[in-house]
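As structure tokens, the structure follows; a few thoughts come after it.
Both counts, for ligands and for their atoms, begin at 1 and track the order of listing. What you see is a predicted model, and the numbers here were worked out from it, not measured in a lab.
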Amino acid sequence: MDAMSARPPFVIARSHGADHLAPDGAGRNFYAIDHALRDLLPLYLAADDFRRLEPHFDRLGGLAGGRLDELARLADKHPPVLHPRDRFGRDEDWIDYHSAYREMETIAFGDFQFHAMSHRAGALGMERPLPAVAKYALQYLFVQAEFGLMCPISVTDTSIHLIRKFASKELQDYLLPKMLSGDVATMWKGTQFMTERAGGSDVGAIETVARFEDGEWRLYGDKWFCSHADAEVALMLARPERAAEGTKGLALFALPRWLKDGRRNAYRIVRVKDKLGTKSMASGEILLDGAVAYLVGDINAGLKQMMEQVNLSRLSHGVRAAAMMRRCLNEAMACARGRKAFGHTIIDYPLLRRQLLKIALPVEQSLSMFLFAAHAMDRANAGEADAAGILRILTPLLKFRACRDNIPVATGAMEVRGGNGYIEEWVNARLVRDAHIGVLWEGTSNINALDIITRAVGKSGAHRALGAALVKLLDEAEAIPAAFRDRLHDTLARTLDFAERIAAAPALEANARRAASALYHVASAVLMTWEASCPNVDARRALLARLILEYRLSAQDPLEVAAVDWEGETVELIFTERRIAIADVARLLGA
Ligand SMILES: Cc1cc2nc3c(=O)[nH]c(=O)nc-3n(C[C@H](O)[C@H](O)[C@H](O)COP(=O)(O)OP(=O)(O)OC[C@H]3O[C@@H](n4cnc5c(N)ncnc54)[C@H](O)[C@@H]3O)c2cc1C
């Protein structure tokens, strides 16, 4: 019997109709299809770095749409399992991961060496550390497939930063060779434990105590949220005995999982949390029972030092939100162009296009914002005076707004796919679940908004450095009609003034989120305008800037019929599949 005649006829009947469903993003190269990223990277990366790194962006884009995507789907469905004891009843707890997660670790830590690429030469064949722009662009591509593992990757990277910057030479010599290794089987990965039941936002309330016993520090306490729970090195805050109350009395410690003699350190992973999202990665609860730890840096500056790690994580969270939103947009576009209803492809319907616009706008804003922030980090590392201030305010701005936007974007993309978007075998359901953690870890929206307004604006005056940089970019964007740039100049000045007024009056604290959102929107509108004015960049970014100006920074009358003329044409241009030149958009920028 040949293969064809062996196949039962009902198989053909069952597959009938599959082509009614729109395709998804699987199988595509997420770098090749990301025209915006490809346009913008040359603006923010040195030409030589771009030329040398582009093959790696392309390779990771292919992996993200292919093998990584498949592994991420499997790892999400087979979350890690905690084994609290070994078979002899010894408290040798360990966490079991699915082989798909292990393979993703090999790609991340072994092949791309994300954790080490900012700290040493050798990653991706470079003879120097990679610029921040390249690192975050790579994170952005990776996370379009896998979000959960980016936590261990990023927190290893940021732990290395803290140890390099603050630890004694002896501690560096002990930890860094293992943490910077690219050998996945033997390397030591990092993590960060702060939150306790007594305090997450209110970190000064934590109760873990550090006692100096027999010449070494030992920690006693209970850490309530510990992502990457089985990392080999955890950075954590604890209060040395008799130290001051509140944040002042906190010191920073490095806690190794294994002691120098090979024994397990005296702490236990008590539980692994059953989470809404980030299921591939283990978040646990940790009981510290006299665990040996090494003091890092100044005993009186624990929180100040730890905030460096928090800020690096916040930037990465913004990038991760940008990445997940890009995946949502790609999925929504694939569906909108591939699904028919009432005799038409659904992208032809005005209401659906508006829905797509609401997805596309925050996606593009977050891309511009994270590239600009990463570029500021590179400039700050090179000692440029204004860049540190710009980075200071952009970091919480990006974390606050991009992570919030991720939630409606994920829900919107799910809705574009209709009922299938709710079904776990399509990526949308995971994107919806994963989107929510961004408003929690490394500070909730309120905590980030307060950091922006009270500290970055009120105490540091960092908004002035940002404002000056944005004014300069607007002045450079000569190809954009002057009337539009004038409008942006004016809105920028008003936004900076608004933020200052909120920062100056504690009674107005309830406006902090509004002021932070306005700063984000105006900054992204200016960036997109400048980008659109640069050679080889699709000028549609300027149209998106106008939409931000109209819908995020201007008063709307909900009972007024929308000015459909410019908006209709704008939307038309935004969803055409050809590149757009400035001449095509100039008229639509209005005044
Ligand atoms: C899956 C997961 C993994 C995590 N991993 C880690 C980890 O690895 N390491 C770690 O240290 N932590 C981790 N966390 C903890 C996380 O950072 C905290 O949950 C978060 O910072 C909020 O703290 P909390 O849960 O104590 O909430 P609370 O601080 O109790 O906040 C409750 C609410 O009060 C609001 N609030 C608090 N203070 C103010 C204020 N002054 N003004 C206005 N509103 C305020 C908050 O915005 C929030 O809405 C993780 C959390 C989750 C869910």
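Remark: ligand 1 and Leu450 share no N or O pair separated by less than 3.5 Å (distance only, no angle test). Some N or O of Gly200 is nearer than 3.5 Å to an N or O of ligand 1, by distance alone. Not a single N or O atom of Trp441, backbone or side chain, sits closer than 3.5 Å to an N or O atom of ligand 1. Residue-to-ligand polar distances keep Phe193 apart from ligand 1: every N/O pair is separated by 3.5 Å or more. By the 3.5 Å distance cut-off applied to N or O atoms, Ser201 is counted among the residues near ligand 1. Not one N or O of Glu196 is nearer than 3.5 Å to an N or O of ligand 1, by distance alone. Checked against a 3.5 angstrom limit, the closest N/O atoms of Asp202 and ligand 1 fall outside it.
Checking each of Gln192, Gln309, His115 against Thr158 for a side-chain hydrogen bond (donor to acceptor under 3.5 Å, both in side chains) leaves exactly one that passes, namely Gln309. Test Arg314, Glu442, His317 against Cys403 for side chain to side chain contact (heavy atoms under 4.5 Å, CB included) and you get one pass: His317. The side-chain hydrogen bond (donor to acceptor under 3.5 Å, both in side chains) test with Ser283 is passed by exactly one of Lys273, Lys275, His228: Lys275. Shown are Met236, Met306, Lys304; of these, the side chain to side chain contact (heavy atoms under 4.5 Å, CB included) with Leu252 is made only by Met306.
Every atom of ligand 1 is numbered from 1 in the order shown, and the set under 4.0 Å from a heavy atom of Lys275 is 1 (C). Short contacts between ligand 1 and Leu440, defined as distances under 4.0 Å to a heavy atom of the residue, involve ligand atoms 17 (O), 20 (C), 21 (O). Close approach to Cys226 involves these atoms of ligand 1, each under 4.0 Å from a residue heavy atom: 8 (O).
Between Glu103 and Arg67, at least one side-chain nitrogen of the basic residue sits less than 4.0 Å from a carboxylate oxygen of the acidic one, meeting the salt-bridge criterion. Comment: Glu92 does not engage Arg85 in a salt bridge, judged by the lack of any side-chain N to carboxylate O separation of less than 4.0 angstrom. The pair Lys135-Asp157 counts as a salt bridge, with a side-chain nitrogen and a carboxylate oxygen less than 4.0 angstrom apart. Salt-bridge check for Arg73 with Asp69: failed, with every basic side-chain N at 4.0 Å or more from each acidic carboxylate O. Using a cut-off of 4.0 Å between Lys/Arg side-chain N and Asp/Glu carboxylate O, Arg264 and Asp93 are scored as salt-bridged.
Heavy atoms of Val155 stay at 4.0 angstrom or farther from ligand 1. Contact between Thr278 and ligand 1 is absent, with no heavy atom of the residue lying under 4.0 Å from the ligand. Contact between Glu442 and ligand 1 is present, with at least one heavy atom of the residue lying under 4.0 Å from the ligand.
Closest protein heavy atom to atom 9 (N) of ligand 1: Gln192 O, 3.0 Å. Among all non-hydrogen protein atoms, the one lying nearest atom 38 (N) of ligand 1 is Ile447 CD1, 3.8 Å. Looking only at protein heavy atoms, the nearest one to atom 16 (C) of ligand 1 is Thr195 OG1, 3.9 Å. Closest to atom 7 (C) of ligand 1, if we only count protein heavy atoms, is Phe225 O, 3.2 Å. Among protein heavy atoms, the minimum distance from atom 2 (C) of ligand 1 is reached at Ile437 CD1, 3.7 Å. Looking only at heavy atoms of the protein, atom 4 (C) of ligand 1 is closest to Ser227 OG, 3.4 Å. The closest protein non-hydrogen atom to atom 46 (C) of ligand 1 is Thr444 OG1, 3.4 Å. What sits closest to atom 11 (O) of ligand 1 on the protein, heavy atoms only, is Met194 N, 2.7 Å.
Heavy atoms from other residues, nucleotides or ligands lying under 6.0 Å from CD of Glu415 number 12 at most. Heavy atoms of other residues, nucleotides or ligands lying less than 6.0 angstrom from CZ of Phe212 number more than 12.
Annotation: Trp217 is not in aromatic contact with Tyr294 [ring centroid separation under 6.0 Å not met]. Between Phe114 and Phe109, the ring centre distance reaches or exceeds 6.0 Å.
Using a 4.0 Å threshold on non-hydrogen atoms, atom 20 (C) of ligand 1 counts as touching the protein. Under the 4.0 Å distance rule, the nearest protein heavy atom to atom 34 (O) of ligand 1 falls outside the cut-off. Checking atom 44 (N) of ligand 1 against the protein gives a heavy-atom contact under 4.0 Å.
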query = Run the side-chain hydrogen bond (donor to acceptor under 3.5 Å, both in side chains) check on Tyr267 and Asp222 step by step: do they pass?
reply = CA-CA 9 Å; Tyr267 71 89; Asp222 200 333; over 6 Å; no

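Neither the backbone nor the side chain of Ser445 has a heavy atom within less than 4.0 Å of ligand 1. Of all the heavy atoms of Thr191, none lies under 4.0 Å from any atom of ligand 1, so neither backbone nor side chain is involved.
Residues His119 and Leu180 have side chains in contact (heavy-atom distance under 4.5 Å, counting atoms from C-beta outward).
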